[in-house]
Amino acid sequence: MTSPSSFYTQFLTSIDGWHLLAGTDVEVGLTPAPAATAVYANTGLRAAIESLEANFLSVANWLGGPWFWPAATAFARAHPPQDGRLFLYGDGFPEFLASLEHAQLARYTSDLAWVDWMCMRAHAAGDHLPLTATRLATLPPEVLPG
């Protein structure tokens, strides 16, 4: 029987390029992943890609699946999620799109990705009461930059 920590290490190893997600050094030369991980091996990667598609919906719709999915896969493999909540996954995706070889297409795509990202960040921002003109006038000058 495989120990829990060994199973976990083998599971992470079976997810291509995602061993950094664990924050541990994956042992080199592990035996092939047990059959129990076969069902789950791509679940994390797939979730990250689908999260990028949901968070950058304008980009995904504009580019279409045949171009968006390979780009999202490359980004997800290079930048695994650091948080299990994928609602705000994709920080750095606009820059990643700008770095792609299709310079002109990437420029517009990156700009569109920034719009999607800022909309997502605004949607997830905490609720704060707006600063009224009366309240602004009562603030001392030294706190205005903050």
Side-chain angles (χ1 to χ4, degrees), residues 1-133 135-136 139 143-146:
M1 178 159 176
T2 307
S3 71
S5 63
S6 175
F7 179 82
Y8 182 66
T9 302
Q10 288 177 347
F11 173 72
L12 291 175
T13 304
S14 71
I15 301 173
D16 183 29
W18 280 43
H19 61 273
L20 296 176
L21 187 63
T24 62
D25 294 328
V26 177
E27 301 169 24
V28 178
L30 285 174
T31 58
T37 64
V39 173
Y40 304 104
N42 289 322
T43 301
L45 181 61
R46 176 82 178 200
I49 294 165
E50 289 181 1
S51 177
L52 286 171
E53 185 176 27
N55 292 344
F56 296 93
L57 191 57
S58 298
V59 175
N61 286 334
W62 186 57
L63 294 177
W67 198 92
F68 180 81
W69 274 72
T73 301
F75 178 82
R77 286 181 188 250
H79 307 282
Q82 300 301 311
D83 188 351
R85 300 167 297 168
L86 296 175
F87 183 65
L88 286 177
Y89 175 61
D91 190 19
F93 191 58
E95 294 92 349
F96 176 80
L97 290 173
S99 72
L100 296 177
E101 65 184 70
H102 305 292
Q104 198 65 323
L105 176 64
R107 185 173 145 257
Y108 297 120
T109 306
S110 177
D111 292 344
L112 185 57
W114 270 113
V115 172
D116 280 343
W117 183 244
M118 290 299 122
C119 287
M120 180 58 66
R121 295 290 304 223
H123 179 70
D127 293 333
H128 296 284
L129 294 175
L131 184 62
T132 64
R135 175 73 178 119
L136 179 63
L139 292 175
V143 299
L144 291 178

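This structure is a prediction, so every number in the text was calculated from the model and none was measured.
Smallest separation of non-hydrogen atoms from Asp91 and Trp117: N-CH2, 3.4 Å. When all heavy atoms of Ile49 and Ala76 are compared, the closest pair comes out as CG1-CB, 4.1 Å. The two residues Gly90 and Pro94 make their nearest non-hydrogen contact at O-CD, 4.0 Å.
A donor-acceptor contact shorter than 3.5 Å is absent between the side chain of Glu50 and the backbone of Ala48.
The shortest side-chain heavy-atom distance between Phe75 and Leu97 does not fall under the 4.5 Å cut-off.
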Using a 3.5 Å cut-off and no angle test, enumerate the donor-acceptor pairs between side-chain atoms of residues 53-60 and protein atoms at least two apart in sequence or in another chain.
unit_1: Asn55; atom_1: ND2; unit_2: Ser51; atom_2: O; d: 3.4
unit_1: Asn55; atom_1: ND2; unit_2: Ser51; atom_2: OG; d: 3.3
unit_1: Asn55; atom_1: ND2; unit_2: Leu86; atom_2: O; d: 3.3
unit_1: Asn55; atom_1: ND2; unit_2: Phe87; atom_2: O; d: 3.2
unit_1: Asn55; atom_1: ND2; unit_2: Tyr89; atom_2: O; d: 2.9
unit_1: Ser58; atom_1: OG; unit_2: Asp116; atom_2: OD1; d: 2.9

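Partners of Arg85 under the salt bridge (Lys or Arg N to Asp or Glu O under 4.0 Å) rule, at least two apart in sequence or in another chain, are Asp83. Partners of Glu95 under the side chain to side chain donor-acceptor pair (under 3.5 Å) rule, at least two apart in sequence or in another chain, do not exist in this structure.
Ring-plane geometry between Phe93 and Phe96 is classed as parallel, the angle between the planes falling under 30 degrees on a 0 to 90 degree scale with a further cut at 60.
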